[in-house]
Number of protein chains: 2
Amino acid sequence: MTNHHSPLENHLLDALPTDVYKRMLPNLEPVEMPLGKVLYESGEALRYVYFPTDCIVSLLYVMENGSQAEIAVIGNEGIVGLALFMGGETTPNRAVVQSAGHAYCLSSARVKQEFALNGPLLRLLLRYTQALITQMSQTAVCNRHHSLDQQLCRWLLLSLDRLASNNLVMTQELIANMLGVRREGVTVAAGNLQDAGLIDYYRGHITVLDRPGLEKRVCECYQVVKHEFDRLLPYPPLK
Amino acid sequence: MTNHHSPLENHLLDALPTDVYKRMLPNLEPVEMPLGKVLYESGEALRYVYFPTDCIVSLLYVMENGSQAEIAVIGNEGIVGLALFMGGETTPNRAVVQSAGHAYCLSSARVKQEFALNGPLLRLLLRYTQALITQMSQTAVCNRHHSLDQQLCRWLLLSLDRLASNNLVMTQELIANMLGVRREGVTVAAGNLQDAGLIDYYRGHITVLDRPGLEKRVCECYQVVKHEFDRLLPYPPLK
DNA sequence: TGCCGTCTGTGCGGTTGCGAACGTAAGGGA
DNA sequence: TCCCTTACGTTCGCAACCGCACAGACGGCA
């Protein structure tokens, strides 16, 4: 499969001033992002950062007993590997490709070079970090207070925003892992949404039929996160 | 009450190189931090950052229906108002003093001056940001997967780490608000810990009797967060 | 001394999600 | 074609937590 994607499909890269972008371009390497690919494990030193163009990456926390929970999702609006620029080198998270596609990757050495210049990349990533923090804290709140139905709506909408199509390739088992709930719970919640005519799913393929309907049903968490992303990282970029 | 605290009691300030610290010192203003004081509201522009010396500040998310949940706690190891340096100016959180004490505050203009130098303060705050992110994501996980007993242990230990004494002034009602659970639930959980001889509480005063016992009972979340703080922000600082 | 507000303890029914087990149906490969 | 894997649906008992209601218990104040 030829990679017909431009790095500019990643919103962060697109938002960079032309000179910075041109400086970085030779070092950006296109990579396939197959479903399930582990970009890094918890505690592992990061060797690359990834700028997704048409894939979705989940940040997961893996517990001692093996169960896991999704902390945040990253698509073409962001970057995977923030810990590199934060100075910690590692994170206690796992990053996994949740929806297959492509990305551009950049070696840690190159990234640090650019950071050291204290230029637009640093400022941009700071804003993105704040948006990501909002997403994480909203996840904490949502985990505590909202029903599985609503959380599923939130998750579907977050995924949808990061994809071109309204079709997700995702089994209920995987969704359950992401949300940190049982597979049976997802079966019921998805059944509710299907009965309401909002989605249609069939053996690992979910089609969103009525996006406005989902937005009516979702908890406030989704809008809060979306507003914060739009506020901090307007797209198309103003430059 | 005279303020006999030095800014150096805040670990971040203490970790700064002497020249940077001396440059900032004239602008640091001591402030009282009474219980319940709201440092900023959700969506409000930040006018100051605060470096706590002997108080604890909670970051809370307030939901549409008025209920709230704690996202993170900040004590003398950190700074309140990170959003200022991230570039967003506001956050969708509320910051409230959870345990009375003191802090040093710094106007937003002064902070930005220092950030612009791209110096040690920026690098230090980046590391702190990563530690805070760890705390937030661990909160998300803990909310989903662990029992109220364990969450209460975690909360007590996090608070204890940020205080000099083993005595907390805190009603069950307030703890319930922080944890986003019912007051009755806290009554039961605290009763369990009291029956186990780990704590003693009496009308808004909690005394920790057996800290190692709490650490045995707490979920993994506490240690993960603590390790990450120790790794990213060693104290005393190496300089 | 008596009253009132705050803080804590307890009980009850209802809901939600967990854990495990089992059934079914649709591909995919030999 | 048959078998086996994957994906989804359903059930049942169990535990945790919620919402509500109310009771006691302590402390400050008149």
Side-chain angles (χ1 to χ4, degrees), chain A residues 35-36 63-70 98-99 139-156 167-196 199-207 217 219, chain B residues 35-36 63 65-70 98 140-156 167-196 198-207 217 219:
Chain A
L35 178 65
M63 267 166 295
E64 286 169 0
N65 67 11
S67 67
Q68 56 186 18
E70 188 178 76
Q98 180 207 99
S99 176
T139 303
V141 170
C142 203
N143 276 356
R144 153 90 42 224
H145 293 278
H146 298 137
S147 72
L148 188 45
D149 276 31
Q150 289 194 307
Q151 291 184 47
L152 180 58
C153 287
R154 177 176 63 91
W155 190 88
L156 286 172
N167 210 304
L168 298 170
V169 180
M170 181 66 50
T171 67
Q172 299 185 347
E173 179 83 45
L174 284 176
I175 295 178
N177 274 330
M178 297 293 164
L179 293 179
V181 297
R182 284 180 320 146
R183 199 259 314 155
E184 295 90 324
V186 175
T187 300
V188 173
N192 293 341
L193 298 186
Q194 176 145 285
D195 291 348
I199 62 170
D200 185 59
Y201 67 88
Y202 176 73
R203 293 189 74 73
H205 293 259
I206 303 177
T207 307
R217 197 168 182 134
C219 50
Chain B
L35 178 65
M63 268 167 292
N65 67 12
S67 66
Q68 57 187 17
E70 189 177 76
Q98 180 208 100
V141 170
C142 204
N143 276 356
R144 152 89 46 222
H145 292 278
H146 299 139
S147 72
L148 188 42
D149 277 30
Q150 289 194 306
Q151 290 184 48
L152 179 58
C153 288
R154 177 176 63 91
W155 191 87
L156 286 172
N167 209 304
L168 297 170
V169 179
M170 181 68 49
T171 66
Q172 300 185 350
E173 179 82 43
L174 284 176
I175 296 178
N177 273 331
M178 296 294 164
L179 293 180
V181 298
R182 285 180 321 148
R183 197 263 313 156
E184 297 90 323
V186 175
T187 300
V188 173
N192 293 341
L193 297 186
Q194 177 144 282
D195 293 346
L198 303 178
I199 64 170
D200 184 58
Y201 66 89
Y202 177 74
R203 294 188 73 73
H205 293 257
I206 303 178
T207 307
R217 196 169 183 133
C219 50

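FYI, side chains are in, hydrogens and waters are out, and symmetry mates aren't considered; it's all heavy atoms of this structure. Note on naming: letters A, B, ... go to the chains in the order of the sequence lines (proteins, then strands), and numbering restarts at 1 for each one.
The nearest whole Å value for the distance from the CG atom in B:Leu193 to the P atom in C:dG9 is 12 Å. Between the CG atom of B:Asp195 and the C1' atom of C:dG9 there is a distance of 12 Å, given to the nearest Å. Between A:Leu148 atom CG and D:dA16 atom P there is a gap of 20 Å when expressed in whole angstrom units. Taking atom CG of A:Leu168 as the reference point, atom P of D:dA7 lies 15 Å away to the nearest angstrom. In this structure, A:Asn143 places its CG atom 15 Å from C1' of C:dT16, rounding to the nearest Å. To the nearest angstrom, P of D:dA7 lies 17 Å from CG of A:Asp200. Taking atom CD on A:Glu173 and atom P on C:dA20, their separation rounds to 14 Å, with Å as the unit.
Heavy atoms of A:Gly204 sit under 4.0 angstrom from primed sugar atoms or phosphate atoms, though from no base atom.
Taking every side-chain heavy atom of A:Val181 into account, C:dC18 is the closest of C:dT8, C:dC18, C:dA25. For A:Glu184, whose side chain is taken as the heavy atoms from C-beta onward, the closest listed nucleotide among D:dT10, C:dG17, D:dC8 is D:dT10.
B:Arg183 contributes a side-chain N or O that forms a donor-acceptor pair with the base of C:dG9 under 3.5 Å. Side-chain atoms of B:Arg203 stay outside donor-acceptor range of the base of C:dT8, with no qualifying N/O pair under 3.5 Å.
Taking only side-chain nitrogens and oxygens, B:Arg182 never comes nearer than 4.0 Å to OP1 or OP2 of D:dC17. For D:dC8, neither phosphate oxygen OP1 nor OP2 lies less than 4.0 angstrom from any side-chain nitrogen or oxygen of A:Gln194. For D:dT6, neither phosphate oxygen OP1 nor OP2 lies less than 4.0 angstrom from any side-chain nitrogen or oxygen of A:Gln172. For the pair B:Tyr202 and D:dG27, the criterion of a side-chain N or O lying under 4.0 Å from OP1 or OP2 is met.
A:His146 and A:Gln151 get closest at one heavy-atom pair: O-NE2, 2.8 Å. The two residues A:Asp200 and A:Gln194 come nearest to each other via the heavy atoms CA-OE1, 3.3 Å. B:Leu193 approaches B:Cys153 most closely through the heavy-atom pair CD2-SG, 3.8 Å.
The shortest side-chain heavy-atom distance between B:Ile175 and B:Arg183 does not fall under the 4.5 Å cut-off.
Toward the 5' end of DNA chain D, the nearer of the two residues A:Met170 and A:Arg144, judged by each one's closest nucleotide, is A:Met170.
No donor-acceptor pair under 3.5 Å is formed between the side chain of B:Gln98 and the backbone N or O of B:Leu35.
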